[in-house]
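Worksheet: the structure to be examined is printed underneath.
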Amino acid sequence: MLHHLEPPPRPLLGWRRVVADFGPTYAANGFIGFVFAATAPVAIVLSVGTGGGLSEAELASWLFGVFFVNGLISVGMCWLYRQPLAFFWTIPGTVLVGPALMHLSFAEVIGAYYATGALILVLGCTGWVRRAMAAIPMPIVMGMVAAVFLRFGLDLVRSLHDDVAIAGPMVIAWLALTAVPALGRRLPPLIGALLVGAAMTAFLTRMDVAALGSIELVRPVVRMPVWSWSAMVELVVPLTITVLVVQNGQGIAVSKAAGHEPPVNAVTLACGIGAMMSAAVGAVSTCLTGPTNAIISGSGERSRQYSAGIFTGILAMVFGLMSPAFTRLMLHLPKAFVMVLAGLAMLRVLQSAFMTAFKERFTLGALVAFLVTAADLAIFNIGAAFWGLAMGFGVSWCLERRDFSPQSASFAPAERLRAMAASLHRLVVASGALIDDATPPVKHRSEQARDGE
């Protein structure tokens with residue numbers, strides 16, 4: 001069964017070679033990639049978790065899982081395959097969990113995490129992952145994704161209305177840094193919004209520093225899963241789709257655009273293993289991240305970019321070990337601070353989801369998927385995300401049969417990869433990542449020599 005996995009290049013690298021390949025450029029890229037994951041995406045996790053009634057200890061354990069476990073996998077995969085392969089967690093999947101926690105217990109959700117990991121593991125081992133990624137048209141998937149992201153945009157607007165003293169300066173800073181690319185390259189807009197929000201919080205004395213306590217290492221909360229059919233039906237298929245199609249698809253497209261050949265089956269297997277390990281501490285499923293991989297592969301010699309991924313993974317592991325302190329800090333910040341940070345992070349992603357959903361084909365199915373998911377009504381105790389996908393696919397199958405033609409652009413792999421890479425380029429640039437996309441990755445001397453032959 002494992003013969004479908006792509007073998008890593010031989011011989012395996014020694015630590016001296018890894019240290020020699022590392023340098024200031026890769027340290028900077030690795031650090032920026034880590035900061036991207038440790039700011040607004042963390043705010044999304046805390047927003048979803050607090051809304052679902054999770055305790056501070058459970059939230060810290062969740063962050064430990066998505067950072068330490070995925071950091072460990074990132075280090076291993078970057079070292080094995082000598083290319084930037086950073087793993088974190090599925091943000092659309094995290095958002096999907098929010099409504100589920102309204103009517104399911106956390107133990108039932110964790111059971112769905114385990115089942116999702118097992119399904120992804122099987123797809124990776126059998127090599128069926130490529131067929132699975134093409135099973136549901138991307139516009140319908142993105143219609144569902146746009147609906148689950150919608151509340152973050154609405155929360156951003158509500159924060160401006162309810163707490164303009166915090167939200168207003170953060171939005172102004174983000175707009176200014178986004179509107180002036182020269183400034184945005186020096187200070188990423190999301191980081192600028194975070195710093196301005198922190199400054200306003202301190203200026204208005206809106207946080208009790210004494211309540212933060214001392215820095216301590218994490219004590220993971222291990223929960224026994226509860227196996228619930230309603231949780232399985234509601235979450236397993238949508239979570240798997242967000243990992244394989246939405247997140248891994250983008251990560252693979254970004255890697256290919258940077259000149260790498262990512263091992264698709266091995267990446268899927270790693271996601272399955274990571275999802276199973278993360279589920280043990282209450283964390284959502286692992287995925288190959290798109291934006292972070294775009295950052296760490298954005299500059300430097302292509303053959304040395306893996307070292308930036310290793311550095312990102314090491315930083316993530318340290319962050320995961322200290323997750324209680326970061327969780328306590330974020331929970332003591334004003335509610336508007338977290339909501340605005342999460343909303344700004346999702347703004348361009350939401351725009352990209354709408355563009356993909358309603359651009360060309362399957363537009364009616366995408367609209368139905370969006371409306372059903374946005375209605376957020378459970379049927380047979382199964383959440384709206386599943387029904388959005390099912391009904392969107394059903395409507396397209398009945399009324400948009402011509403769009404299922406093999407000649408359809410939505411089913412052309414090359415076109416889909418280019419579209420994903422373009423979407424990720426817009427996302428990373430909009431987020432202010434320090435990438436010079438006008439300059440192609442510099443080739444290693446050995447590659448230049450081969451090209452000259």
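Everything numeric here is computed off the predicted structure, so don't read it as measured data.
One N or O on the side chain of Arg304 and one on the backbone of Asp21 form a donor-acceptor pair closer than 3.5 Å. The main-chain N or O of Val221 is found under 3.5 Å from a side-chain atom of Ser61 such that the two form a donor-acceptor pair. Judged by distance alone, with hydrogens and angles left aside, the side-chain atoms of Thr312 form a donor-acceptor pair with the main-chain N or O of Gly30 at under 3.5 Å. A donor-acceptor pair is defined here as one N or O able to donate and one able to accept, closer than 3.5 Å; no such pair exists between the side chain of Asn248 and the backbone of Cys287. Between the side chain of Thr242 and the backbone N or O of Leu239, at least one donor-acceptor pair lies under 3.5 Å. At distances below 3.5 Å, at least one donor-acceptor pair connects side-chain atoms of Gln83 with backbone N or O atoms of Glu261. For Trp62 (side chain) and Val281 (main-chain N/O), no donor-acceptor pair under 3.5 Å exists by modelled atom type. No side-chain donor-acceptor contact under 3.5 Å links Ser255 to the backbone of Gly251. Checking side-chain atoms of Thr116 against main-chain N and O of Ala112 turns up a donor-acceptor pair under 3.5 Å.
Arg328 and Glu216 are joined by a salt bridge, as a carboxylate oxygen and a charged side-chain nitrogen come within less than 4.0 angstrom of each other. Of the charged side-chain nitrogens involved, at least one lies within less than 4.0 Å of a carboxylate oxygen, so that Arg206 and Asp163 count as a salt-bridged pair.
By the 4.5 Å heavy-atom criterion applied to side chains, Val267 and Phe87 are counted as neighbours. The shortest side-chain heavy-atom distance between Met391 and Leu371 does not fall under the 4.5 Å cut-off. The side-chain heavy atoms of Trp89 and Pro41, taken from C-beta on, include a pair separated by under 4.5 Å. No side-chain heavy atom of Lys359 sits less than 4.5 Å from a side-chain heavy atom of Met138. Counting only heavy atoms from C-beta outward, the side chains of Gln247 and Thr289 never approach each other to under 4.5 Å.
With ring centers used as reference points, Phe362 lies 6.0 Å or more from Phe393. In this structure, the ring of Phe68 has its center no less than 6.0 angstrom from the ring center of Phe319. Ring to ring, Tyr26 and Phe311 are not that close: their centroids are 6.0 angstrom or more apart.
Between the side chains of Glu234 and His103, at least one donor-acceptor pair of N or O atoms lies under 3.5 Å.
Here the rule is side-chain contact (heavy atoms from CB on, under 4.5 Å) with Phe152, and of Ile91, Leu347, Val95, Val340 only Val95 fits it.
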